[in-house]
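Read the structure below first, then the notes.
In this chain, numbering begins with 1 at the start of the sequence shown.
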Amino acid sequence: SKDIVKGIAWLQDRVNKNPGNKSKIRVMIADDRNNIAQAQTIAKELVKRQDILVVIGHYSSHLTTNVKHIYQANKLVLVSGSAASQALSSTDPVNNFFFRSTQNTQSASKPLADYLIAKKYQNIAIFYTKGKAFSESFKKELKTHLNQHIKIVGDFDLEEDTSKVKSNVARVKREFKDTAIVLSPDAYTTSNEGDNQLAVIKENNGELLIAGNETVRDDKVLALGRQALRKMVVATPFYSSSSNHKQFHNFWGKTEKPTWLVILSYDALKMAIHGIENQPGKPTRIGVQKALADKKFEVEGLSGRITLNG
């Protein structure tokens, strides 16, 4: 994603231009093309490069789930600003080599669940991307938070034909009262989920509430207009402050936007730099891991204070 690169380049420039910093940050860019095989090939090459102390990525939970073991086995830290699937959480934090600056799906889904319960909705229909790590995890954690307060009247796959997706929306509107639609696409890891997400919103036409995860908040959705979006809420991991906007525009220009992915990618690199700098002697991969796994780890990012203890 371009937003990941924007966030990393922004912090790299600030660090490297600071006369108080003795060391410079070097960044190598690799494109996994949102493809598992490509991501695994890249991971296997990166772990061979001993000059690489930490990797920032991958974008989607689905890819990260399929490459995490490569980095873990070769003791190379992977820090993601976006891979939120609960399945990526470690059961052995002391020896864990995966970290993230974003919240996990357990945390990300709770505000939506609380909102739906508070608004006293009786039913929800979930549109998600079947078989994809983030979307599946978000749905699972949302259901746990709802804890039978609200009835699930249907789970609908965003990978189906667009005509089928639209038909499912129409049926939900026709057959169920006091119903909200939960829209939980993955990270656009399939060819048609982005288009089908738009189809859900258009077919609904502002009639039922649509509660979306962070993937829903993009320019194509916003371009649908007031009527289509008049009953929509979206849970986002971070909303950029005016101060962040100003600093970002000074670097990238006023036409660019400091999205949540930009900010959290910036913070992912901030974590990595902390891991490199906070170790005695010459920095090592193991040193980075120990610095980030330390129970006292804490760093101030653009999104606020970052800790890894809940």
Side-chain angles (χ1 to χ4, degrees), residues 60-62 82 84-86 103 105-119 121-146 150-176 178-237 239 259-261:
S60 77
S61 293
H62 198 66
S82 52
S85 172
Q86 195 67 26
Q103 59 189 344
T105 50
Q106 185 180 62
S107 298
S109 59
K110 191 174 189 304
L112 279 188
D114 290 346
Y115 181 87
L116 292 166
I117 293 170
K119 292 298 182 180
Y121 280 94
Q122 299 300 307
N123 306 301
I124 63 168
I126 302 176
F127 287 78
Y128 74 112
T129 312
K130 187 176 181 180
K132 298 299 183 181
F134 170 71
S135 190
E136 289 274 12
S137 181
F138 192 94
K139 183 187 75 164
K140 178 182 177 181
E141 297 302 327
L142 179 73
K143 286 184 174 182
T144 299
H145 289 310
L146 291 175
I150 300 176
K151 183 180 180 181
I152 315 295
V153 298
D155 292 345
F156 303 106
D157 188 2
L158 285 170
E159 280 197 296
E160 291 188 304
D161 291 339
T162 301
S163 60
K164 179 65 173 176
V165 170
K166 292 168 69 175
S167 174
N168 286 334
V169 175
R171 183 164 71 86
V172 170
K173 290 198 298 181
R174 184 175 63 251
E175 296 182 5
F176 301 100
D178 299 319
T179 301
I181 290 173
V182 171
L183 189 52
S184 180
D186 202 67
Y188 298 148
T189 52
T190 67
S191 58
N192 62 340
E193 68 174 333
D195 290 339
N196 282 347
Q197 168 186 259
L198 297 177
V200 169
I201 299 170
K202 289 178 181 178
E203 184 67 25
N204 182 58
N205 195 34
E207 294 181 38
L208 303 180
L209 174 81
I210 293 180
N213 66 25
E214 62 249 43
T215 312
V216 175
R217 189 173 177 267
D218 72 4
D219 289 341
K220 288 184 178 180
V221 170
L222 295 176
L224 293 177
R226 185 184 298 272
Q227 173 60 31
L229 305 180
R230 71 186 185 92
K231 287 187 178 180
M232 176 177 281
V233 293
V234 176
T236 181
Y239 193 80
T259 65
W260 66 265
L261 185 54

Rounded to the nearest 0.5 Å, the CH2 atom of Trp260 sits from the CZ atom of Arg217 at a distance of 10.5 Å

Within 6.0 Å of NZ in Lys173, more than 12 heavy atoms from elsewhere | yes

Which heavy atom in Leu183 sits nearest to a heavy atom in Val216, and how many Å separate them?
-> O-CG2, 3.6 Å

Quick one: does Asn192's side chain get under 4.5 Å of Glu159's, heavy atoms only?
-> yes

What are the two closest non-hydrogen atoms of Phe156 and Arg171, and how far apart are they?
-> CE2-NH2, 3.4 Å

Within the side chain of Asp155, is there an N or O that forms a donor-acceptor pair under 3.5 Å with the backbone of Ile126?
-> no

dist Lys110:NZ -> Gln103:CD (nearest 0.5 Å) comes out at 12.0 Å

Return the minimal non-hydrogen interatomic distance between Glu136 and Gly131, and the atom names on each side.
-> OE2-N, 2.7 Å

Going from NE2 on His62 to OG on Ser135, what distance comes out if it is rounded to the nearest 0.5 angstrom?
-> 11.0 Å

For atom CZ of Arg226, decide whether the heavy atoms of other residues, nucleotides or ligands shown that lie under 6.0 angstrom number more than 12.
-> no

For residues Ser60 and Ala187, report the shortest heavy-atom separation together with the two atoms involved.
-> CB-CB, 3.7 Å

Report the distance from atom CD of Glu203 to atom CG of Asn205, rounding to the nearest 0.5 Å.
-> 8.5 Å

Decide yes or no on side-chain contact (heavy atoms from CB on, under 4.5 Å) for Leu208 and Val169, but give the supporting numbers first.
-> CA-CA 10 Å; Leu208 303 180; Val169 175; over 6 Å; no

From Ile150, Asn123, Ile124, residue fulfilling side chain to side chain contact (heavy atoms under 4.5 Å, CB included) relative to Thr179 = Asn123

Closest heavy-atom pair, Met232 versus Val221, reported as atoms and distance to 0.1 Å, is SD-CG1, 4.3 Å

I would like to know whether Leu209 and Leu116 meet side-chain contact (heavy atoms from CB on, under 4.5 Å); could you show each step before the answer?
-> CA-CA 10 Å; Leu209 174 81; Leu116 292 166; 3.8 Å; yes

Point-to-point distance, once rounded to the nearest 0.5 Å, from CD of Glu214 to OG1 of Thr259 | 11.5 Å

Distance only, no hydrogens: is a donor on one side chain within 3.5 Å (strictly under) of an acceptor on the other, for Glu141 and Thr105?
-> no

Is there side-chain contact between His145 and Asp114, with heavy atoms separated by less than 4.5 Å?
-> no

So CG of Leu158 and NZ of Lys132: to nearest 0.5 Å the spacing works out to 12.5 Å

Is the backbone N or O of Ala199 less than 3.5 Å from a side-chain atom of Asn196, with the two atoms forming a donor-acceptor pair by type?
-> no

Non-hydrogen side-chain atoms of Asn213 and Leu142 separated by less than 4.5 Å | no

So, does Ser137 use its side chain to make a donor-acceptor pair with the main chain of Gln86 at under 3.5 Å?
-> yes

Could you tell me whether a side-chain N or O of Thr215 sits under 3.5 Å from a main-chain N or O of Asp186, the two making a donor and an acceptor?
-> yes

Counting distance only, does the side-chain N/O of Ser184 pair as donor-acceptor with the main-chain N or O of Tyr128 below 3.5 Å?
-> no

Partners meeting side-chain contact (heavy atoms from CB on, under 4.5 Å) with Lys140 (sequence neighbours left out) | none

Between Lys231 and Gly206, which heavy-atom pair has the shortest distance, and what is it?
-> CD-O, 3.4 Å

